K.L.:
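Input: one structure, supplied below.
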Number of protein chains: 2
Amino acid sequence: MKAIRQPRLPAAARNLLEEALASHGQRLTRHRELIFGMLLSQRDHPTADEVFLRSRSHCDSLSLATVYNTLETLVQCGLVRAVNYEREPTRFCPNLSEHAHFQDKRTGRVYDIDLPETVIEQLKAVLPEGFQAESLELYFHGRTSPKTSPAESNHAH
Amino acid sequence: MKAIRQPRLPAAARNLLEEALASHGQRLTRHRELIFGMLLSQRDHPTADEVFLRSRSHCDSLSLATVYNTLETLVQCGLVRAVNYEREPTRFCPNLSEHAHFQDKRTGRVYDIDLPETVIEQLKAVLPEGFQAESLELYFHGRTSPKTSPAESNHAH
DNA sequence: AACCGTAATTAGAATAATTCCAACTTCAAG
DNA sequence: CTTGAAGTTGGAATTATTCTAATTACGGTT
(Lines give C-alpha, C1' and ligand atoms only; values in the text may rest on other atoms or scores of the structure.)
Protein backbone atom coordinates (compact mmCIF):
# COMPACT_ATOMS: atom_id res chain seq x y z
CA MET A 1 0.00 0.00 0.00
CA LYS A 2 2.81 2.40 -0.78
CA ALA A 3 1.35 5.85 -1.15
CA ILE A 4 3.12 7.68 -3.92
CA ARG A 5 2.23 11.12 -2.69
CA GLN A 6 -0.95 11.09 -0.79
CA PRO A 7 -2.68 14.47 -0.83
CA ARG A 8 -3.37 15.63 2.71
CA LEU A 9 -6.96 16.21 3.63
CA PRO A 10 -7.91 19.63 5.03
CA ALA A 11 -8.12 19.37 8.80
CA ALA A 12 -11.86 20.01 8.88
CA ALA A 13 -12.59 17.24 6.41
CA ARG A 14 -10.24 14.92 8.22
CA ASN A 15 -11.98 15.49 11.51
CA LEU A 16 -15.36 15.00 9.94
CA LEU A 17 -14.20 11.75 8.46
CA GLU A 18 -12.53 10.54 11.62
CA GLU A 19 -15.54 11.25 13.78
CA ALA A 20 -18.05 9.80 11.38
CA LEU A 21 -15.99 6.64 11.14
CA ALA A 22 -15.47 6.44 14.90
CA SER A 23 -19.15 6.85 15.59
CA HIS A 24 -19.73 3.83 13.40
CA GLY A 25 -16.99 1.81 15.00
CA GLN A 26 -14.62 2.11 12.09
CA ARG A 27 -11.00 3.12 11.87
CA LEU A 28 -9.50 5.98 9.98
CA THR A 29 -7.20 4.44 7.42
CA ARG A 30 -5.03 5.84 4.70
CA HIS A 31 -7.27 4.41 2.03
CA ARG A 32 -10.39 5.90 3.50
CA GLU A 33 -8.70 9.22 3.80
CA LEU A 34 -7.47 9.03 0.25
CA ILE A 35 -10.78 8.05 -1.25
CA PHE A 36 -12.80 10.57 0.73
CA GLY A 37 -10.31 13.19 -0.36
CA MET A 38 -10.70 12.17 -3.98
CA LEU A 39 -14.45 12.59 -3.76
CA LEU A 40 -14.09 16.01 -2.16
CA SER A 41 -11.53 17.25 -4.64
CA GLN A 42 -13.49 16.48 -7.78
CA ARG A 43 -17.19 16.63 -7.14
CA ASP A 44 -18.40 15.37 -10.44
CA HIS A 45 -20.20 12.26 -9.18
CA PRO A 46 -17.65 9.66 -10.21
CA THR A 47 -18.44 5.98 -10.42
CA ALA A 48 -16.58 3.44 -8.29
CA ASP A 49 -14.38 2.71 -11.25
CA GLU A 50 -13.54 6.35 -11.77
CA VAL A 51 -12.71 6.72 -8.10
CA PHE A 52 -10.49 3.71 -8.46
CA LEU A 53 -8.61 5.13 -11.41
CA ARG A 54 -8.17 8.51 -9.81
CA SER A 55 -7.02 7.03 -6.53
CA ARG A 56 -4.65 4.67 -8.22
CA SER A 57 -2.47 7.57 -9.27
CA HIS A 58 -1.89 8.34 -5.60
CA CYS A 59 -1.57 4.87 -4.23
CA ASP A 60 -0.41 1.94 -6.23
CA SER A 61 -1.60 -1.44 -5.01
CA LEU A 62 -5.06 -0.10 -4.32
CA SER A 63 -7.66 -2.62 -5.30
CA LEU A 64 -11.06 -2.05 -6.80
CA ALA A 65 -12.55 -4.13 -4.02
CA THR A 66 -11.21 -1.68 -1.49
CA VAL A 67 -12.74 1.18 -3.39
CA TYR A 68 -16.12 -0.54 -3.30
CA ASN A 69 -15.68 -1.36 0.39
CA THR A 70 -14.61 2.14 1.26
CA LEU A 71 -17.36 3.83 -0.68
CA GLU A 72 -19.86 1.58 1.03
CA THR A 73 -18.37 2.49 4.40
CA LEU A 74 -18.54 6.19 3.64
CA VAL A 75 -22.16 5.82 2.59
CA GLN A 76 -22.95 3.98 5.82
CA CYS A 77 -21.31 6.73 7.81
CA GLY A 78 -23.44 9.33 6.07
CA LEU A 79 -20.53 11.14 4.49
CA VAL A 80 -21.35 10.20 0.95
CA ARG A 81 -24.51 9.65 -1.04
CA ALA A 82 -24.97 6.98 -3.67
CA VAL A 83 -26.59 8.32 -6.81
CA ASN A 84 -28.36 5.87 -9.05
CA TYR A 85 -29.49 6.90 -12.48
CA GLU A 86 -31.45 4.46 -14.57
CA ARG A 87 -29.26 1.45 -14.78
CA GLU A 88 -25.99 3.25 -14.98
CA PRO A 89 -23.26 2.41 -12.52
CA THR A 90 -23.70 3.99 -9.10
CA ARG A 91 -22.10 7.38 -8.69
CA PHE A 92 -20.88 8.92 -5.47
CA CYS A 93 -21.35 12.35 -4.01
CA PRO A 94 -19.93 13.74 -0.78
CA ASN A 95 -22.95 14.78 1.16
CA LEU A 96 -23.12 17.96 3.27
CA SER A 97 -26.46 19.48 2.30
CA GLU A 98 -29.77 17.96 1.32
CA HIS A 99 -30.07 18.05 -2.39
CA ALA A 100 -31.54 16.45 -5.46
CA HIS A 101 -29.75 15.44 -8.64
CA PHE A 102 -30.14 16.46 -12.22
CA GLN A 103 -28.70 14.52 -15.10
CA ASP A 104 -28.07 16.13 -18.43
CA LYS A 105 -29.44 13.90 -21.19
CA ARG A 106 -26.77 14.84 -23.61
CA THR A 107 -23.61 14.70 -21.57
CA GLY A 108 -24.72 12.28 -18.88
CA ARG A 109 -23.25 14.66 -16.35
CA VAL A 110 -24.93 14.90 -12.96
CA TYR A 111 -25.47 18.14 -11.07
CA ASP A 112 -26.45 18.85 -7.49
CA ILE A 113 -29.66 20.77 -6.97
CA ASP A 114 -30.21 22.38 -3.60
CA LEU A 115 -33.43 21.43 -1.90
CA PRO A 116 -34.88 24.03 0.44
CA GLU A 117 -36.09 22.64 3.72
CA THR A 118 -39.62 23.79 2.91
CA VAL A 119 -39.73 21.66 -0.19
CA ILE A 120 -38.56 18.61 1.70
CA GLU A 121 -41.32 19.13 4.23
CA GLN A 122 -43.84 19.38 1.43
CA LEU A 123 -42.58 16.19 -0.07
CA LYS A 124 -42.88 14.24 3.12
CA ALA A 125 -46.37 15.65 3.57
CA VAL A 126 -47.32 13.83 0.41
CA LEU A 127 -47.12 10.47 2.15
CA PRO A 128 -50.36 8.91 3.35
CA GLU A 129 -50.88 7.77 6.95
CA GLY A 130 -48.71 4.85 7.83
CA PHE A 131 -45.71 5.69 5.68
CA GLN A 132 -42.60 6.93 7.48
CA ALA A 133 -39.86 7.98 5.11
CA GLU A 134 -36.30 7.65 6.28
CA SER A 135 -34.78 8.79 3.07
CA LEU A 136 -35.84 10.51 -0.06
CA GLU A 137 -34.19 10.64 -3.44
CA LEU A 138 -35.20 13.07 -6.11
CA TYR A 139 -33.85 12.66 -9.61
CA PHE A 140 -34.34 14.99 -12.52
CA HIS A 141 -33.42 14.14 -16.05
CA GLY A 142 -33.39 16.65 -18.86
CA ARG A 143 -31.35 19.25 -20.63
CA THR A 144 -29.19 22.12 -19.56
CA SER A 145 -28.97 25.17 -21.73
CA PRO A 146 -25.32 25.71 -22.63
CA LYS A 147 -25.37 29.35 -21.60
CA THR A 148 -26.24 28.79 -18.00
CA SER A 149 -25.07 25.29 -17.31
CA PRO A 150 -22.66 25.28 -14.41
CA ALA A 151 -19.03 24.31 -14.57
CA GLU A 152 -17.61 20.91 -13.78
CA SER A 153 -17.85 20.94 -10.02
CA ASN A 154 -20.98 22.06 -8.41
CA HIS A 155 -19.94 23.78 -5.27
CA ALA A 156 -16.42 24.75 -4.75
CA HIS A 157 -16.14 24.84 -1.01
CA MET B 1 -45.54 -19.12 -29.26
CA LYS B 2 -48.53 -21.25 -28.38
CA ALA B 3 -50.71 -19.35 -25.97
CA ILE B 4 -52.13 -21.67 -23.38
CA ARG B 5 -55.00 -19.46 -22.44
CA GLN B 6 -54.22 -15.86 -22.98
CA PRO B 7 -56.27 -13.60 -20.73
CA ARG B 8 -58.14 -11.04 -22.80
CA LEU B 9 -57.32 -7.43 -22.12
CA PRO B 10 -60.22 -5.09 -21.29
CA ALA B 11 -61.14 -3.16 -24.43
CA ALA B 12 -60.05 0.17 -22.96
CA ALA B 13 -56.63 -1.11 -22.04
CA ARG B 14 -56.29 -2.79 -25.42
CA ASN B 15 -57.06 0.42 -27.24
CA LEU B 16 -54.66 2.36 -25.10
CA LEU B 17 -51.97 -0.14 -25.86
CA GLU B 18 -52.71 -0.29 -29.55
CA GLU B 19 -52.69 3.45 -29.97
CA ALA B 20 -49.60 4.03 -27.91
CA LEU B 21 -47.78 1.39 -29.94
CA ALA B 22 -49.06 2.73 -33.24
CA SER B 23 -48.03 6.25 -32.38
CA HIS B 24 -44.53 4.94 -31.91
CA GLY B 25 -44.57 2.91 -35.10
CA GLN B 26 -44.90 -0.43 -33.36
CA ARG B 27 -47.27 -3.28 -33.87
CA LEU B 28 -49.71 -4.76 -31.45
CA THR B 29 -48.60 -8.33 -30.88
CA ARG B 30 -49.82 -11.12 -28.70
CA HIS B 31 -46.79 -10.89 -26.50
CA ARG B 32 -47.12 -7.19 -25.94
CA GLU B 33 -50.75 -7.64 -25.12
CA LEU B 34 -49.98 -10.44 -22.74
CA ILE B 35 -47.22 -8.65 -20.92
CA PHE B 36 -49.07 -5.38 -20.64
CA GLY B 37 -52.03 -7.33 -19.30
CA MET B 38 -49.82 -9.02 -16.73
CA LEU B 39 -48.60 -5.67 -15.48
CA LEU B 40 -52.11 -4.35 -15.23
CA SER B 41 -53.50 -7.36 -13.46
CA GLN B 42 -51.00 -7.45 -10.64
CA ARG B 43 -49.68 -4.02 -9.86
CA ASP B 44 -47.01 -4.93 -7.40
CA HIS B 45 -44.04 -3.59 -9.35
CA PRO B 46 -42.65 -6.87 -10.61
CA THR B 47 -39.15 -7.26 -11.96
CA ALA B 48 -38.54 -8.39 -15.54
CA ASP B 49 -37.94 -11.85 -14.23
CA GLU B 50 -41.19 -11.90 -12.31
CA VAL B 51 -43.05 -10.72 -15.37
CA PHE B 52 -41.38 -13.49 -17.28
CA LEU B 53 -42.46 -16.15 -14.81
CA ARG B 54 -46.03 -14.89 -14.62
CA SER B 55 -46.33 -14.62 -18.37
CA ARG B 56 -44.83 -18.02 -18.90
CA SER B 57 -47.88 -19.63 -17.35
CA HIS B 58 -49.95 -18.14 -20.15
CA CYS B 59 -47.63 -18.61 -23.05
CA ASP B 60 -45.03 -21.30 -23.26
CA SER B 61 -42.09 -20.54 -25.48
CA LEU B 62 -41.92 -16.98 -24.28
CA SER B 63 -38.33 -15.91 -23.86
CA LEU B 64 -36.84 -13.66 -21.24
CA ALA B 65 -35.32 -11.58 -24.02
CA THR B 66 -38.79 -10.84 -25.32
CA VAL B 67 -39.90 -9.78 -21.89
CA TYR B 68 -37.02 -7.33 -21.70
CA ASN B 69 -37.70 -6.11 -25.22
CA THR B 70 -41.39 -5.71 -24.57
CA LEU B 71 -40.97 -3.93 -21.28
CA GLU B 72 -38.54 -1.57 -22.94
CA THR B 73 -41.04 -0.95 -25.72
CA LEU B 74 -43.81 -0.24 -23.24
CA VAL B 75 -41.58 2.18 -21.38
CA GLN B 76 -40.75 3.95 -24.66
CA CYS B 77 -44.41 4.23 -25.45
CA GLY B 78 -45.09 5.82 -22.09
CA LEU B 79 -47.37 3.07 -20.88
CA VAL B 80 -45.07 1.80 -18.19
CA ARG B 81 -42.57 3.32 -15.81
CA ALA B 82 -39.28 1.75 -14.83
CA VAL B 83 -38.68 1.91 -11.10
CA ASN B 84 -35.12 1.68 -9.89
CA TYR B 85 -34.37 1.23 -6.23
CA GLU B 86 -30.79 1.23 -5.10
CA ARG B 87 -29.16 -1.47 -7.10
CA GLU B 88 -32.06 -3.84 -7.14
CA PRO B 89 -33.37 -5.14 -10.43
CA THR B 90 -35.60 -2.72 -12.29
CA ARG B 91 -39.29 -2.99 -11.50
CA PHE B 92 -42.14 -2.05 -13.77
CA CYS B 93 -45.27 -0.08 -13.12
CA PRO B 94 -48.10 0.68 -15.54
CA ASN B 95 -48.23 4.42 -15.64
CA LEU B 96 -51.52 6.35 -15.71
CA SER B 97 -51.03 9.07 -13.10
CA GLU B 98 -47.95 10.96 -11.95
CA HIS B 99 -46.71 9.42 -8.79
CA ALA B 100 -43.72 8.74 -6.60
CA HIS B 101 -42.63 5.46 -5.11
CA PHE B 102 -42.16 4.30 -1.58
CA GLN B 103 -40.22 1.21 -0.66
CA ASP B 104 -40.76 -0.54 2.63
CA LYS B 105 -37.41 -1.29 4.22
CA ARG B 106 -38.59 -4.47 5.79
CA THR B 107 -40.52 -6.15 3.03
CA GLY B 108 -38.89 -4.53 0.02
CA ARG B 109 -42.35 -3.92 -1.34
CA VAL B 110 -42.92 -0.82 -3.43
CA TYR B 111 -45.99 1.38 -3.21
CA ASP B 112 -47.31 4.12 -5.44
CA ILE B 113 -47.68 7.54 -3.88
CA ASP B 114 -49.86 10.05 -5.67
CA LEU B 115 -48.19 13.33 -6.46
CA PRO B 116 -50.50 16.32 -6.62
CA GLU B 117 -49.87 18.60 -9.56
CA THR B 118 -49.02 21.44 -7.21
CA VAL B 119 -46.16 19.49 -5.69
CA ILE B 120 -44.76 18.67 -9.09
CA GLU B 121 -44.79 22.34 -10.00
CA GLN B 122 -42.97 23.15 -6.79
CA LEU B 123 -40.37 20.58 -7.52
CA LYS B 124 -39.65 21.87 -10.96
CA ALA B 125 -39.44 25.37 -9.50
CA VAL B 126 -36.47 24.18 -7.50
CA LEU B 127 -34.32 23.98 -10.61
CA PRO B 128 -31.96 26.89 -11.29
CA GLU B 129 -31.95 28.79 -14.58
CA GLY B 130 -30.75 26.66 -17.43
CA PHE B 131 -32.08 23.34 -16.26
CA GLN B 132 -35.06 21.92 -18.13
CA ALA B 133 -36.41 18.74 -16.59
CA GLU B 134 -38.05 16.23 -18.86
CA SER B 135 -38.66 13.68 -16.20
CA LEU B 136 -38.62 13.49 -12.47
CA GLU B 137 -38.36 10.49 -10.22
CA LEU B 138 -39.08 10.64 -6.52
CA TYR B 139 -38.18 7.71 -4.34
CA PHE B 140 -38.98 7.30 -0.68
CA HIS B 141 -37.51 4.60 1.46
CA GLY B 142 -38.70 3.83 4.95
CA ARG B 143 -41.20 1.93 7.00
CA THR B 144 -44.91 1.37 6.82
CA SER B 145 -46.85 0.88 10.00
CA PRO B 146 -48.61 -2.48 9.83
CA LYS B 147 -51.96 -1.00 10.80
CA THR B 148 -52.27 1.30 7.88
CA SER B 149 -50.08 -0.24 5.26
CA PRO B 150 -52.08 -0.89 2.11
CA ALA B 151 -52.79 -4.24 0.61
CA GLU B 152 -50.87 -5.88 -2.20
CA SER B 153 -51.99 -3.80 -5.12
CA ASN B 154 -52.10 -0.10 -4.83
CA HIS B 155 -55.00 1.00 -6.88
CA ALA B 156 -57.52 -1.44 -7.99
CA HIS B 157 -58.76 0.08 -11.20
C1' DA C 1 9.64 -4.04 21.05
C1' DA C 2 7.27 -8.65 20.27
C1' DC C 3 2.41 -10.50 20.54
C1' DC C 4 -2.51 -10.80 19.75
C1' DG C 5 -6.80 -10.33 17.81
C1' DT C 6 -9.53 -7.82 14.99
C1' DA C 7 -10.25 -4.95 11.12
C1' DA C 8 -8.83 -3.76 6.56
C1' DT C 9 -7.14 -4.93 2.18
C1' DT C 10 -6.33 -7.85 -1.73
C1' DA C 11 -6.79 -10.57 -6.23
C1' DG C 12 -9.50 -13.11 -8.42
C1' DA C 13 -13.61 -15.88 -8.81
C1' DA C 14 -18.54 -15.70 -8.74
C1' DT C 15 -23.02 -13.62 -9.35
C1' DA C 16 -26.84 -11.46 -11.41
C1' DA C 17 -29.22 -8.29 -14.26
C1' DT C 18 -29.26 -6.87 -18.61
C1' DT C 19 -27.86 -6.52 -23.48
C1' DC C 20 -26.28 -8.37 -27.64
C1' DC C 21 -26.40 -11.38 -31.56
C1' DA C 22 -27.50 -14.09 -35.42
C1' DA C 23 -30.97 -17.21 -36.82
C1' DC C 24 -35.70 -17.98 -37.22
C1' DT C 25 -40.71 -16.75 -37.36
C1' DT C 26 -44.66 -13.88 -38.00
C1' DC C 27 -47.45 -10.87 -40.34
C1' DA C 28 -49.24 -7.05 -43.15
C1' DA C 29 -48.99 -5.16 -47.60
C1' DG C 30 -48.38 -5.55 -52.44
C1' DC D 1 -48.69 -16.32 -52.47
C1' DT D 2 -44.43 -13.81 -51.97
C1' DT D 3 -41.57 -10.50 -49.68
C1' DG D 4 -39.43 -7.74 -46.36
C1' DA D 5 -39.51 -5.55 -42.17
C1' DA D 6 -40.58 -6.20 -37.50
C1' DG D 7 -40.78 -9.31 -33.76
C1' DT D 8 -39.05 -13.23 -31.26
C1' DT D 9 -35.73 -16.61 -29.70
C1' DG D 10 -31.89 -19.05 -27.01
C1' DG D 11 -27.71 -18.57 -25.80
C1' DA D 12 -23.55 -16.09 -25.41
C1' DA D 13 -21.51 -11.81 -23.79
C1' DT D 14 -21.14 -7.87 -20.92
C1' DT D 15 -20.75 -5.33 -16.80
C1' DA D 16 -21.30 -3.68 -12.28
C1' DT D 17 -21.01 -5.44 -8.08
C1' DT D 18 -20.35 -8.87 -4.36
C1' DC D 19 -18.11 -12.68 -2.38
C1' DT D 20 -14.23 -15.43 -0.66
C1' DA D 21 -10.32 -16.92 1.35
C1' DA D 22 -5.86 -15.51 2.21
C1' DT D 23 -2.77 -11.78 3.56
C1' DT D 24 -1.52 -7.57 5.82
C1' DA D 25 -1.83 -3.63 8.96
C1' DC D 26 -2.70 -1.75 13.40
C1' DG D 27 -4.08 -0.50 18.24
C1' DG D 28 -3.83 -2.21 22.68
C1' DT D 29 -1.45 -5.15 26.01
C1' DT D 30 2.40 -6.87 28.09
Side-chain angles (χ1 to χ4, degrees), chain A residues 1-4 6 17-18 20-36 38 45-53 55-56 58-77 80 82-92 108 110, chain B residues 1-4 6 17-18 20-36 38 45-53 55-56 58-77 80 82-92 108 110:
Chain A
M1 68 134 71
K2 291 147 283 182
I4 293 180
Q6 175 151 349
L17 174 60
E18 185 159 26
L21 285 168
S23 78
H24 288 253
Q26 314 256 42
R27 294 182 193 156
L28 176 61
T29 69
R30 214 171 312 173
H31 290 150
R32 287 170 179 169
E33 201 174 331
L34 172 63
I35 288 170
F36 187 49
M38 284 291 130
H45 304 87
T47 63
D49 207 63
E50 286 164 346
V51 173
F52 175 58
L53 292 175
S55 302
R56 250 314 175 71
H58 295 284
C59 172
D60 51 0
S61 84
L62 172 68
S63 81
L64 182 55
T66 297
V67 173
Y68 272 103
N69 290 339
T70 300
L71 290 171
E72 172 66 12
T73 299
L74 295 176
V75 169
Q76 297 305 340
C77 293
V80 165
V83 179
N84 288 287
Y85 261 99
E86 308 274 301
R87 49 206 78 150
E88 297 175 15
T90 300
R91 299 159 173 279
F92 297 87
V110 174
Chain B
M1 71 131 71
K2 290 146 283 181
I4 293 178
Q6 174 150 354
L17 174 61
E18 185 159 26
L21 285 168
S23 78
H24 288 252
Q26 314 256 44
R27 294 181 193 157
L28 176 61
T29 70
R30 213 172 313 171
H31 289 151
R32 287 168 180 173
E33 201 174 331
L34 172 63
I35 287 169
F36 187 49
M38 285 290 132
H45 305 86
T47 63
D49 207 64
E50 285 165 346
V51 172
F52 175 58
L53 292 174
S55 302
R56 251 311 173 74
H58 295 283
C59 174
D60 52 359
S61 85
L62 172 68
S63 81
L64 182 55
T66 298
V67 173
Y68 273 102
N69 290 340
T70 301
L71 289 171
E72 171 67 13
T73 300
L74 294 176
V75 169
Q76 297 305 340
C77 293
V80 165
V83 178
N84 289 287
Y85 261 100
E86 308 275 302
R87 47 206 79 153
E88 295 175 18
T90 301
R91 299 160 173 279
F92 297 87
V110 175

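Predicted, not measured: the structure shown is a model, and the values here were computed from it. Quick note on labels: first sequence line is chain A, next is B, and so on, each numbered from 1. Because only heavy atoms are used, hydrogens play no part in the values below, and waters and symmetry mates are left out as well, while side chains stay in.
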K.L.:
Who are the side chain to side chain donor-acceptor pair (under 3.5 Å) partners of Glu86(A), not counting sequence neighbours?
P.N.:
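By the side chain to side chain donor-acceptor pair (under 3.5 Å) rule, Glu86(A) matches no residue at all.
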
K.L.:
Which one, dA17(C), dT8(D), dT17(D), comes nearest to the side chain of Thr29(B)?
P.N.:
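My answer, after comparing the listed nucleotides, is dT8(D).
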
K.L.:
For nucleotides 19-25 of chain C, give me every protein contact, N/O to N/O, under 3.5 Å, one pair per line with atom names.
P.N.:
none

K.L.:
Pairs counted as Watson-Crick or G-U wobble with both distances under 3.5 Å: what dot-bracket string results for DNA chain C, using | for bases tied to another strand?
P.N.:
||||||||||||||||||||||||||||||

K.L.:
Just jot down the side chain to side chain donor-acceptor pair (under 3.5 Å) partners of Thr90(A), sequence neighbours excluded, or say none.
P.N.:
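Thr90(A): side chain to side chain donor-acceptor pair (under 3.5 Å) contacts with Asn84(A).
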
K.L.:
Ignoring backbone atoms, establish whether Thr70(B) has a side-chain N or O less than 4.0 Å from OP1 or OP2 of dG7(D).
P.N.:
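No.
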
K.L.:
According to side-chain contact (heavy atoms from CB on, under 4.5 Å), who are the partners of Thr47(B), at least two apart in sequence or on a separate chain?
P.N.:
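Listed in chain order: Asp49(B), Glu50(B), Pro89(B), Arg91(B).
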
K.L.:
Can you name the side chain to side chain donor-acceptor pair (under 3.5 Å) partners of Ser55(A), sequence neighbours left out?
P.N.:
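Testing Ser55(A) for side chain to side chain donor-acceptor pair (under 3.5 Å), a comparison that skips the adjacent residues, returns none.
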
K.L.:
Just the table, please: protein N/O against nucleotides 2-6 of chain D N/O, every pair under 3.5 Å.
P.N.:
from, atom 1, to, atom 2, distance (Å)
dA6(D), O4', Arg27(B), NH2, 3.4

K.L.:
Report which part of the nucleic acid Thr47(B) touches: base, sugar-phosphate, or nothing (heavy-atom distance under 4.0 Å, all strands).
P.N.:
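Nothing, no nucleic acid heavy atom in range.
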
K.L.:
What pairs with Phe52(A) under ring-ring contact (aromatic ring centres under 6.0 Å, His included), at least two apart in sequence or on another chain?
P.N.:
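With neighbours one apart ignored, the set is empty.
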
K.L.:
At under 4.0 Å, does any side-chain N or O of His31(A) touch on OP1 or OP2 of dT10(C)?
P.N.:
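Yes, within the criterion.
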
K.L.:
Does Glu33(B) have any side chain to side chain donor-acceptor pair (under 3.5 Å) partners at least two apart in sequence or in another chain, and if so, which?
P.N.:
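Side chain to side chain donor-acceptor pair (under 3.5 Å) check on Glu33(B) returns Arg14(B).
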
